[in-house]
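Contents: one structure, followed by commentary.
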Amino acid sequence: MYDIEIGSRLLSDTPERVDDFRAYCERSHRYRASDDTRTFALEKAYWSLHGALEFQASEDDSRQRIVDLEMHLLAVLSRMEAYGVAFDRGKLRQIGSEIRERVRTLETEIFELVGEQFNINSTKQLQHILYDRLGFPASKKTKTGRSVDTEVLSELSKHYAVVGLILEHRTLRKLLTTYVEGLDKSVNPKTTRIHTTYRQLGAATGRMSSESPNLQNIPAWDELSDRIKSCFIASGHDRRIMVADYSQVELRLLANLSEDEALCRAFEGGEDIHMRTAKLLFWEHITITPDMRRMAKGVNFGVIYGITGYGLSKMTGTTPAEASRSIETFYARYPRVREYYDALLENARRTGYVATVFGRRRYLPTIRDANRMIRERTEREAINMPIQGSNADIIKYAMVELSSQFHEHGIDARMIMQVHDELVFDVASQAVERTAVIVRDVMEGVYRARIPLIVEIGIGEDWHAAKA
DNA sequence: ACAATGGTCC
DNA sequence: ACTCGGACCATTGTA
C-alpha cells in the first residue's frame, strides 16, 4: 500500500493506482522512473502541474478549485492512457491498401497530364511545375515563394483539370501518412490498443492536447474518414462504444456569459442556432438559402474567435465588405454580446488577465502593446479564452465526476477519449442504459445556468457507428 | 536538427 | 494592408 498525497487530497491508496500514476509520469513528462523512484516521479508530476498552474490559477479564491480539479484529473487521465482504445488494425490496413492504389492511379494521371514526373509532395517542385512549366497564374504568396495551398489550388482547379487531381492526391496522402500509417504505428503490440498521451495543460486556455498519437484531430468529414473512425472499436464483443458530446457548447456559454436576450431566446426556442442567426442577419429575405445559413454559421463561430471581416470572408468565400456587414448585423441583433466583449477587454486591460467561469486565468501582458497587430491579436485571445477555457473546465470537471460515479455505482464502463467537447466510453453492453443516464446527468449537471448545456449520446460497435 | 509549408481537429 | 481562437503532425529541403 502506498499513500500518495497529490495536492491536498489523498488520491491513491493501492499499488495499481500508483503504477497508473507512474505510467502517466513516464508518458507525459518524459521521465522514466524505476520502481524505487516512483515517489519521486509522482512528486515530479505534481510539481509539473503545480508549476503550470501558477500561470492559470494564481492567488485568489478560485485557486484551490482549479488545483483540486487538475490534481483529480491527473488520476483519471493516467487510467485513460493506460487502458487505451481497442483498435481494428486489419480494417485499417485494408483502407490503407485502397488509398495507396488510388494514390498510384492519381500519380500516373498527373504525370501524364503534366508531361513529366516530379514529387507532388514537394511544395518547391509543385510551384515549379504549376507556375513555371505550365504557366498557371500564381495568386497568393508565402514568405519564400508562390503558395500552392488548398485555397489557391481550388481556384486553379476550376480552369485546369490536373489541379483537381493534385488536390485529391494531397488529401489522400494526408490521410494515408498521418492517419492510416500513423495510427498503425501507434498500436501498442503488447496491448494491441492505442494509448495516447494527454497534455493536461496543453493549451493556454486550459484545454488539453493529445499526442503520440493525437486522437483529437482524427478526420471527421467524409466517407473515408468515417471508415478510419470505425477502426476505433469496443474492447470486446460484449461491449459498446458510447459517445457523449456537448451540443453547441461554446455558443451556449456565450449566451450565458453575455446574457444577451436574443441569443438566449434563440436557444430557448429550440431552433437550429445557425438558422436562427441566419434569419436575423437576412431578415428581409423570405427563404434562407444554404449559403445564408453557411454565412450565419461562420459568423456564429467567428464571433467566438474575435473575428475580423477579412477572416470571415476567407472562411465563407464572400467579400470582406459583406462579411464585415454580417458581423455588424450580428452585433446589432445580439447587442449584449458586444457589450460583454467591451467590458471583458476593458477588464483585461485593467487587471492584465481574463478568466473562465471556474476562475482559471490567462494572463495577457501584450493587451496594451504598442504594436497594433500584436495588441489586436491579444484582444482576440482575450475574447476567445473565457469561452474555450470554460468549456475545458466544464468537461474536465465532468470527467472527474464521472470517473468517481462509475466507481461508486460499480458501472462497467471506461472513459477512453476526450476530444474537447466530446467524451468516448468503452461500456459493457449490459451497462449501456445505466451508463447513458449517469453520463448525461453528470455532463449536463456540472454547469448550470439560464441556457443549460445539452449532451447528445450515441452508442455503437465503433467510434463512427456511435456518432452516426 | 530545424524552418517552412500545408493539413487535420474542436 | 488587413491572415479568426486553441492544438499536433508529416514532408521537404536546408543546415
Side-chain angles (χ1 to χ4, degrees), chain A residues 118-128 140-154 166-167 169-183 185-186 196-222 224-225 228-229 245-251 254 298-316 319-321 323-324 327 341 354 362 364 372-373 376-392 395 417-423:
Chain A
F118 66 102
N119 186 346
I120 305 170
N121 305 317
S122 163
T123 304
K124 206 177 169 191
Q125 292 182 41
L126 190 57
Q127 286 166 353
H128 182 251
K140 196 165 63 171
K141 284 183 171 180
T142 65
K143 215 180 303 179
T144 58
R146 297 155 292 182
S147 175
V148 288
D149 66 14
T150 302
E151 191 190 333
V152 172
L153 262 45
S154 296
I166 292 171
L167 277 170
H169 179 270
R170 182 181 282 171
T171 303
L172 293 180
R173 284 283 310 177
K174 175 75 179 180
L175 234 43
L176 187 63
T177 57
T178 304
Y179 298 106
V180 175
E181 292 171 356
L183 288 174
K185 285 181 204 148
S186 299
T196 186
T197 300
Y198 290 102
R199 289 191 56 201
Q200 196 169 337
L201 296 170
T205 54
R207 260 197 189 175
M208 304 198 298
S209 65
S210 155
E211 61 184 4
S212 14
N214 181 358
L215 295 184
Q216 293 178 324
N217 72 341
I218 303 298
W221 60 276
D222 66 357
L224 222 38
S225 311
I228 290 175
K229 276 204 162 178
D245 64 285
Y246 284 112
S247 166
Q248 305 294 354
V249 54
E250 293 190 324
L251 281 171
L254 179 62
V299 176
N300 277 343
F301 279 115
V303 162
I304 289 166
Y305 301 149
I307 198 169
T308 62
Y310 180 74
L312 178 63
S313 71
K314 284 290 175 200
M315 197 170 78
T316 56
T319 64
S324 297
I327 293 168
Y341 283 151
V354 288
R362 179 176 184 177
L364 300 163
R372 190 171 62 88
M373 290 262 292
E376 289 180 348
R377 182 185 179 84
T378 310
E379 288 173 355
R380 290 191 293 271
E381 291 168 357
I383 280 174
N384 178 253
M385 189 275 177
I387 297 171
Q388 187 183 121
S390 295
N391 181 8
I395 197 164
M417 285 188 275
Q418 192 253 38
V419 192
H420 307 307
D421 62 0
E422 165 185 350
L423 292 176

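Keep in mind that this is a model prediction, so the values were computed, not measured.
Distances shown here put every side-chain N or O of A:Arg146 at or beyond 4.0 Å from the OP1 or OP2 atom of B:dT5. Residue A:Arg362 places at least one side-chain N or O under 4.0 Å from the OP1 or OP2 atom of C:dG6. Residue A:Arg170 has no polar side-chain atom (N or O) positioned under 4.0 Å from OP1 or OP2 of C:dT11. Put simply, A:Thr171 has no side-chain N or O that comes within less than 4.0 Å of OP1 or OP2 on B:dG7. Here A:Lys124 reaches the OP1 or OP2 of C:dT14: one of its side-chain N or O atoms lies under 4.0 Å away. At the phosphate of C:dC8, OP1 or OP2 sits under 4.0 Å from a side-chain N or O atom of A:Ser209. Checking the phosphate oxygens (OP1, OP2) of C:dT12, a side-chain nitrogen or oxygen of A:Asn119 falls inside 4.0 Å. For A:Ser122, a side-chain nitrogen or oxygen approaches OP1 or OP2 of C:dG13 to under 4.0 Å. For the OP1/OP2 pair of C:dA10 and a distance below 4.0 Å, the side-chain nitrogens and oxygens of A:Thr178 include no atom meeting the criterion. Distances shown here put a side-chain N or O of A:Gln125 below 4.0 Å from the OP1 or OP2 atom of C:dG13. An OP1 or OP2 oxygen of C:dG6 is reached within less than 4.0 angstrom by no side-chain nitrogen or oxygen of A:Arg380. One finds a side-chain N or O of A:Thr150 lying less than 4.0 angstrom from the OP1 or OP2 phosphate oxygen of B:dG7. Between A:Ser147 and B:dG6, a side-chain N or O to OP1/OP2 separation shorter than 4.0 Å is present.
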* Do A:Leu172 and A:Leu224 pass the side chain to side chain contact (heavy atoms under 4.5 Å, CB included) test, and can you show the C-alpha distance, the side-chain angles, and the key distance before you say yes or no? -> CA-CA 9 Å; A:Leu172 293 180; A:Leu224 222 38; 3.6 Å; yes
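Comparing A:Ile307 and A:Pro213 by the nucleotide of DNA chain C that holds the closest heavy atom to each, the one mapping nearer the 5' end is A:Ile307. Where A:Gln388 and A:Lys140 each meet DNA chain C at their nearest nucleotide, the meeting point lying more 5' is that of A:Lys140.
Of the candidates C:dC8, B:dC9, B:dC10, B:dC10 carries the atom nearest the A:His420 side chain, counting heavy atoms from C-beta on. The side chain of A:Val419 approaches B:dC10 more closely than any other nucleotide in the set B:dC10, B:dT5, B:dT8. Listed nucleotides: C:dT3, B:dT5, C:dC9. Nearest to the side chain of A:Glu211: C:dC9. Nearest to the side chain of A:Lys143, among B:dA4, B:dG6, C:dC9, sits B:dA4. Minimum atom distance to the side chain of A:Glu381 is reached by C:dG6, of the listed B:dC10, C:dG6, C:dA10. For A:Asn121, the listed nucleotide lying nearest its side chain is C:dT11; candidates were C:dT11, B:dT8, B:dT5. The side chain of A:Ala203 lies closest to C:dA7, out of B:dT8, B:dG6, C:dA7. For A:Thr142, counting side-chain heavy atoms from C-beta on, the closest listed nucleotide (C:dA1, B:dC10, B:dT5) is B:dT5. Proximity note for A:Tyr310 (side chain, C-beta onward) versus B:dG6, C:dC2, C:dT11: the nearest is C:dC2. Candidate nucleotides C:dG5, B:dT8, C:dC9 were compared by shortest atom distance to the side chain of A:Tyr179, and B:dT8 ranks first.
Atom-to-atom, CG of A:Leu183 to P of B:dT8 comes out at 15 Å; the value is rounded to the nearest Å. Across the protein-nucleic acid pair, A:Leu167 atom CG and B:dG7 atom C1' stand 12 Å apart, rounded to whole Å. Remark: P of C:dA10 and CD of A:Glu181 are 10 Å apart, rounded to the nearest angstrom. With rounding to whole Å, A:Tyr305 atom OH is found 19 Å from C:dT3 atom P. Atom CE in A:Met385 sits about 15 Å away from atom C1' in C:dA7, given to the nearest Å. Rounded to a whole Å, the CD atom of A:Gln216 is 12 Å from the P atom of C:dA7. Straight-line distance from the CD1 atom of A:Ile228 to the C1' atom of B:dC9: 13 Å, rounded to whole Å. Rounded to whole Å, the distance from CG on A:Asn217 to P on C:dC9 is 8 Å.
Counting non-hydrogen atoms under 4.0 angstrom, A:Met208 reaches nothing in the nucleic acid. A:Ala392 comes within 4.0 angstrom of no nucleic acid atom, judged by non-hydrogen atoms across all strands.
Straight-line distance between the C1' atoms of B:dG7 and C:dC2: roughly 24 Å, to the nearest whole Å.
The closest donor-acceptor contact from the side chain of A:Tyr198 to the backbone of A:Gln418 lies under 3.5 Å. The closest donor-acceptor contact from the side chain of A:Ser313 to the backbone of A:Ala323 lies at 3.5 Å or more, if one exists at all. Without hydrogens or angle criteria, A:Glu250 side chain to A:Ile387 main chain gives no donor-acceptor distance under 3.5 Å. Of the possible polar contacts, none joining the A:Thr196 side chain to the A:Asn214 backbone as a donor-acceptor pair under 3.5 Å is found. A side-chain donor-acceptor contact under 3.5 Å links A:Tyr341 to the backbone of A:Val303.
Here the closest heavy-atom approach between residue A:Val419 and residue A:Leu215 is recorded as CG2-O, 4.0 Å.
One finds no salt bridge joining A:Lys185 and A:Glu181 here, because no Lys/Arg side-chain nitrogen approaches an Asp/Glu carboxylate oxygen to under 4.0 Å.
At a cut-off of 3.5 angstrom, the base of B:dC10 holds at least one donor-acceptor pair with the side chain of A:Arg207.
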